[in-house]
Each structure stands twice: as C-alpha cells, then as structure tokens.
Protein chains: 2
Amino acid sequence: MSKSVNKTITLKEVAAAAGVSVSTASRALSGKAEAYRISSATEQSVRKAAEKLQFSPSLLARSLRSQQTKLLGVVLPNVANPFFAAIAREITLAAEEEGYSVLLTDSQENSETEARLVDQLQARQIEGLVVCPVGIENRHLKSLAKQKLPLVLVDRGFDDPALVSVTSDHRAGAREGMQQLLEAGHKTIGVLQGLPKTLPNRERLAGVQAALEDQGLKYDPSLIAGHNFDEASGYAAAKILLTERPEITALFAFSNQNALGALRAASELGRTIPDDLSLIAFDDHPFAAYLAAPLSSVSQDVNQLGRVAARLLLEQIRTGTPPEQKHYQIPVQLIQRASIQPPA
Amino acid sequence: MSKSVNKTITLKEVAAAAGVSVSTASRALSGKAEAYRISSATEQSVRKAAEKLQFSPSLLARSLRSQQTKLLGVVLPNVANPFFAAIAREITLAAEEEGYSVLLTDSQENSETEARLVDQLQARQIEGLVVCPVGIENRHLKSLAKQKLPLVLVDRGFDDPALVSVTSDHRAGAREGMQQLLEAGHKTIGVLQGLPKTLPNRERLAGVQAALEDQGLKYDPSLIAGHNFDEASGYAAAKILLTERPEITALFAFSNQNALGALRAASELGRTIPDDLSLIAFDDHPFAAYLAAPLSSVSQDVNQLGRVAARLLLEQIRTGTPPEQKHYQIPVQLIQRASIQPPA
DNA sequence: ATGAAAGCGCTAACAT
DNA sequence: ATGTTAGCGCTTTCAT
C-alpha cells in the first residue's frame, strides 16, 4: 500500500508503461484489439499496465471526442417530495443499467428556474431529458423538442401532441374515486382541488364530472375549492366548503397533502371521519392505512410512471427517433379502506 | 422564428461571425475584456454575435481544459426514501447556487454498488462527493479521502477520525426519547432497532442505555429486537417482543417505518395505543400527527443535515483543505404527541 | 499489427 | 488590443 497521493493516470502513461503508442493502448482497452488485429501479447501488456496504474479513462475527454456524454438530465419541481423522489429513483436505476449518469435538478416549482436549469443541462450536453413541468408554460420545452433533444414529460403533461409524456390516468382515477363516494350514497360531495390549470387537475375534474353525470347528477362548481396540492390549500378549502355548505357529506381530496389539510379542518369543525364525513384522496401513502380512519385512496403507480419515462427516453436516444405514440397513460388503482361510509 | 434544427454553436463560429479570433471571443465572453484590454467595440460585437447565434459554451470542453468540472457526486442508499430525498434536495439547491451540478446515484443499500458508483463518479471527475454510506465497509471511502477528493459522509458516519461526517445526535435523541417513556412510568420497554452494526443504531442503543442508567435501571439486551429500519423488521420485532415479553408496556421504534410495523403488530395482538401500549419513534413524519394515536417522535433535522453537508463540501472544494472539525452533530427535536401514556 | 496525427471546443501562455 | 499556438485526454483516420 502506497501512501502517496494517487494522481490521475492518463492513457498516455499507460501506453508508456506498456511500451506502445496511445492509439494502441486505446484500442487494446476498449475491446477493439480484435478489430485492429492487435497481438494478444500487446493487448495483455496494456491491460496489465492499466491495471497496475489503476487507470480510469477520463469520461470528460471521451465525451468531448465522441460527442456522447452518456448523461441524462432530470428536472423536478421538488426533489424532496416522495412522489418525485420515486420518479428520480426509477430514472436513476434505469440509467445506471445502461451506463448513463443522471444530472438531477430542482426547479422549486418555478417555471423560470425550470427553463434556466434546462439550458444549463443542455450546456452539459445531456443526451436526453426528463422533466416534470411546473406549470402551464411550455415554450422552452417545445423548443427543446424542436432541437431534437430526446425529451419525456412526466406527471404533468401538456396536451401538446408534439411532446412525449407519461401521466397517470387521472381522469379514470378521479371517476372511480368519485364513484366510491356516490355508491356509498353521497349526494353532496366537496372537491379539494390542486393547482387549477395543470393537466392532472383538469383531468381529475373531468373525471369527477363524468362520475356525476353517470349518476344523472349535475356538476356544481361551487363545490370545488382549493388552489394547490399542499396541506395548506387542503385545509383552507375544506374549512370553507364545510362551513359554507354544511350539507356536504363527503370530500374528495386531490392529493394526500390536501387530505391531511381536510383532516385538520374536519377535526377543528368537530366532524369525525368516517361517521360525520367521508373522505377519499388521490395518491396513496404508507401511513394511510394507519390513520385514525384508514384512508381510502386512488393510488398512482409512481414507480411505473418513472420506469416508463426512463424506458421511453433511453429508447428515443438509442433509436434516434421519438416514439410514435406520444402520450402514455398509467392506470391508477383504487385502494378501499374505512374512510368512506354512507351518509348519516 | 426559424424552423430549422439549431445545431450546436461553437466559439469558433461566434468568432467568425464577429470577425475576431477565438481567443478574443473567449475573452470577451468570459468577462476578461478589461484584463486583456479588448476594445469595448469588439467586446460588444462578440456579445452580439453570441446572442444572435444563441451560443452556449460547451461545459465539456471547458471542463477538460480547466480540469474543473463543477460537478458534485451524491451517493444515496435509496433515492426514493423521503429522508434521503430531502438530503439530495438540500445538496442540489446549495450546489446550484454556486454553479455546481449534481450527479445523483442510488447504491440500493449495497456496499459493492456503492463502491462501483463512487468509481464511476470519479471517472467523471467530480470535484466533491457526498455519500450516505450503506454499511460498515468503508475502505473505498478512506481511499477517496487519501486521494484528496473532498468527501462528506452524511447520516451514517463512521467513527473514523479521518473522514468528515455529518450526523444527527442519535445518542442524545435516543436518550431523550427513552426519558419520555421512563418519565411516564414505564419500566419494561422494548426497543425496535434498525440495522445493528451501523453507527446510528449503535449510538441510539447507547442513548437508550444511558437513559436507563440515569434512572438506575439496567439495560436488558433481550428487550432489543429487529434487524433493519424497514416496516417488516419493525413488525417482526414487535410481534416477537410483545409475545415473548407480555410485561412490556412501551416500545421505542428506531425509525418511523419500524413504528408502522409496530402499529400493525400491536393491532394484531389486540393492544391499543396508547392505552395498552405506549410508542415513540425516531424520525418524525407529516402523517404522524394524524394517526389513530398521534405519534410522539424524535425528529431529525434532515434539511439541516443536508445543508451542513453541502456547505462543508463546497467549503472544502473552495479552500482546498478539509475542515478542522471532522464530525458535525445536528441536534434532534422531541415532538410530543399522544402515543405515550402511563402504564395501566 | 502498430504508430502518427488530427481534432472534439475551450482557455491561456506567448507572441506581436 | 488582438492573433497564434499549444494542449486538456481521448478516439479514429490514415499511413506504414
């Protein structure tokens, strides 16, 4: 064991140690000995020298030369959010399997930051990009696609037919969730919505409406409240709805954070779940089963979301052409627990 | 708006467009016009050309030339785990602020994978590395430090004095948690431990022992069970402990996943929290307050953990020398809720 | 079967 | 005040 500081070894030094030229060393080490008819003696001595010197090729130099960085970019609104973290993980694992590394960035739910990060990733010559777009603004993303950079949108797609996107089947999920409430006999159902203009939110509202119409009921916009997917919005919306419309017997929260807010609001208003109020939430959660009232939910298959996005991206890079199908929908799953009861 | 595919613009083309040499273009764009006494007319024309062509310098080429990649590596046992995701986020945000990008990898709780990823990151010439080590094995990490690569360990440090690490004050936290149980009057307390040989686990056990000894009670290893930080281990350990030692009146779970397992086991055994069994857990959770029995916990300041790690790493890179203090402890916070009651 | 040399896009030392 | 040149470490064409 040497105690000296190991300086970085270059191919040149390996070549010198093996007594060959850099080109021969390069060929020997990159498995092209056969193709270049390099004698196996030479090949071995190069390999041995590399081994001894602990040579590790500079991916930087290789990338510059080959114009292939083996780098993927990922832009998420909030890396700490378990939902996005799960997506990050799937992409990371899939990338690693194919020799790609992942540059992870956090747009902080801000469209301008998102655009800036995308530019920065491009400056690093990423070969592909996964974005969970923050908002409605998608000019910068469209322009990426025009530049032929393989791009996949996850979770919050746009209805832009030019962009490849992977989302849950929000509409079907919301419809099924709503059906649960309706089948239990609820007639006046409050909806705690998320960020209004996003595609998931719009799709979920459409699902709610469809379920209502299935039953011959009419969609009443005054039963919709909320402005975001967080706890605060859920709390405020539930508080308003339950106060102004005391005839409400059930709530559909569009995120589990919204549901948490609803729980807090309900408790403050003295309404117990499920006896005095039924509740269902979009997105399942490990703790959902252990709540005072085990929470029924519409569960997104977030791992699948990430996996499909990664697969689509890597395939697009490999083949050089975008997939024919542009929009991929991942089914959601209804998880029935005890937070829904017939109205009193 | 042109419809053509924007090919990548190089400095050479900008220089040509501005009618100057590449070096002048380089200097004009990197704010060195002053230092090289470039006429502001020239500077402006270069800037304008760059703007018009939408020039974005290749960080790849710049990195190769300058031997500074502005790249940080992060290795986490499981990116999808909210605890690690929070750390990833803090590092990402801090890095971004100083112009660094982050290569994120997932070791899948596997030491060999961890070592492989570290090598791979080195091949990309990262300037610094944050690792949440998987296990006990730390040869590859020590060797990194010897190679003078700035390195910071988070969460699961080693007691190796050569390595810089940031961890919660596990010992104090466990001691305080235990005190809560003891002060409520519990005498026989089961411990649901995590991965036994890890530093956090050992430190927490030491804290438990200290709290016991404070009260003149003795530490009974047969009251310790479990082998991991996940739900399954918590469940199995709680099941065994509560079955074999029915005199146990309280449980200390070393992770919130362990606590979840305990909840399931207790429910199966017909013991209600907090009436028939008290419970406290390491790690708080947004849902903890909304459980059937709002869960008391010892909360780690995970954001602070990530922030301090990032700061230490960036400082180390900036100054070129490791910090004098090697081990940083982040205080934990006791969160009192309703899951602890005096024994029946 | 192997070496020499060019070049990926950039920066900086060395000319003028 | 600006141009020329070398070189970061690698791969590959072209030569022998």
Side-chain angles (χ1 to χ4, degrees), chain A residues 6-47 49-50 53-71 99 122-127, chain B residues 6-47 49-50 53-71 99 122-127:
Chain A
N6 314 22
K7 74 174 280 295
T8 313
I9 302 299
T10 70
L11 193 58
K12 196 173 162 188
E13 303 170 74
V14 174
V20 298
S21 71
V22 272
S23 22
T24 303
S26 170
R27 301 192 263 241
L29 292 176
S30 47
K32 289 175 188 145
E34 190 91 349
Y36 282 90
R37 317 186 327 146
I38 285 175
S39 76
S40 61
T42 317
E43 184 186 349
Q44 285 317 309
S45 81
V46 173
R47 290 223 125 89
L53 297 175
Q54 298 205 57
F55 170 71
S56 161
S58 162
L59 297 187
L60 221 51
R62 182 178 285 177
S63 295
L64 181 60
R65 165 70 223 216
S66 65
Q67 294 296 60
Q68 300 216 336
T69 54
K70 287 281 182 182
L71 237 33
Q122 271 200 290
R124 293 216 183 254
Q125 280 158 263
I126 50 168
E127 293 182 32
Chain B
N6 314 19
K7 76 175 278 294
T8 313
I9 301 299
T10 70
L11 194 57
K12 196 171 161 188
E13 302 170 76
V14 174
V20 298
S21 72
V22 274
S23 30
T24 302
S26 170
R27 302 192 261 242
L29 292 176
S30 47
K32 286 172 190 149
E34 191 91 350
Y36 281 91
R37 315 188 324 148
I38 284 175
S39 76
S40 60
T42 318
E43 184 185 350
Q44 284 318 310
S45 82
V46 172
R47 289 223 126 89
L53 298 175
Q54 296 206 58
F55 170 71
S56 161
S58 162
L59 297 186
L60 220 51
R62 183 177 284 176
S63 296
L64 181 60
R65 166 69 225 219
S66 66
Q67 294 296 60
Q68 299 215 339
T69 54
K70 289 282 183 180
L71 238 31
Q122 271 200 289
R124 291 212 185 256
Q125 279 156 263
I126 50 168
E127 293 182 33

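Below, each value reflects all heavy atoms present in this structure, side chains not excepted, and no hydrogens, waters or symmetry copies. Order of the sequence lines fixes the chain letters, A, B, ..., with proteins taken first and strands second; residue numbering starts at 1 for each chain.
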Colleague: By nearest heavy atom, map A:Val20 and B:Ser26 onto DNA chain C; which one lands nearer the 5' end?
Modeller: A:Val20
Colleague: Check every atom of C:dG9, D:dT2, D:dC14 against the side chain of B:Arg65 and return the nucleotide holding the closest atom.
Modeller: C:dG9
Colleague: Side chain of B:Phe55: nearest nucleotide among C:dT2, D:dC8, C:dC10?
Modeller: C:dC10
Colleague: OP1 or OP2 of D:dC10 less than 4.0 angstrom from a side-chain nitrogen or oxygen of A:Ser66, does that happen here?
Modeller: no
Colleague: End-to-end bend of the helix from C:dA1-D:dT16 to C:dT16-D:dA1 (five-pair axes, 10° rounding)?
Modeller: 50°
Colleague: Can you identify which nucleotide, out of C:dC8, C:dT2, D:dT4, has its nearest atom closest to the B:Arg27 side chain?
Modeller: D:dT4
Colleague: Looking at CD1 of B:Ile38 and NZ of B:Lys32, how far apart are the two atoms once the value is rounded to the nearest 0.5 Å?
Modeller: 10.5 Å
Colleague: For D:dG9, does OP1 or OP2 lie under 4.0 Å from any side-chain N or O of B:Gln67?
Modeller: yes
Colleague: I want to verify a distance call: between C:dC10, C:dC8, C:dT2, whose nearest atom is closest to the A:Thr24 side chain?
Modeller: C:dT2
Colleague: Nearest of C:dA5, D:dG9, C:dA12 to any side-chain atom of A:Thr10?
Modeller: D:dG9
Colleague: Which nucleotide wins on minimum distance to the side chain of A:Leu64, given the candidates C:dC8, D:dG3, D:dA1?
Modeller: C:dC8
Colleague: Would you please say whether a donor-acceptor pair under 3.5 Å links the side chains of B:Ser40 and B:Glu43?
Modeller: no
Colleague: When you match A:Val22 and A:Arg37 each to their closest nucleotide on DNA chain C, which lands nearer the 5' end?
Modeller: A:Arg37
Colleague: Is there a donor N/O on one and an acceptor N/O on the other, under 3.5 Å, for the side chain of A:Ser23 and the base of D:dT11?
Modeller: no
Colleague: Considering heavy-atom distances to DNA chain D, does B:Ser39 or B:Ala61 have its closest nucleotide positioned more toward the 5' end?
Modeller: B:Ser39
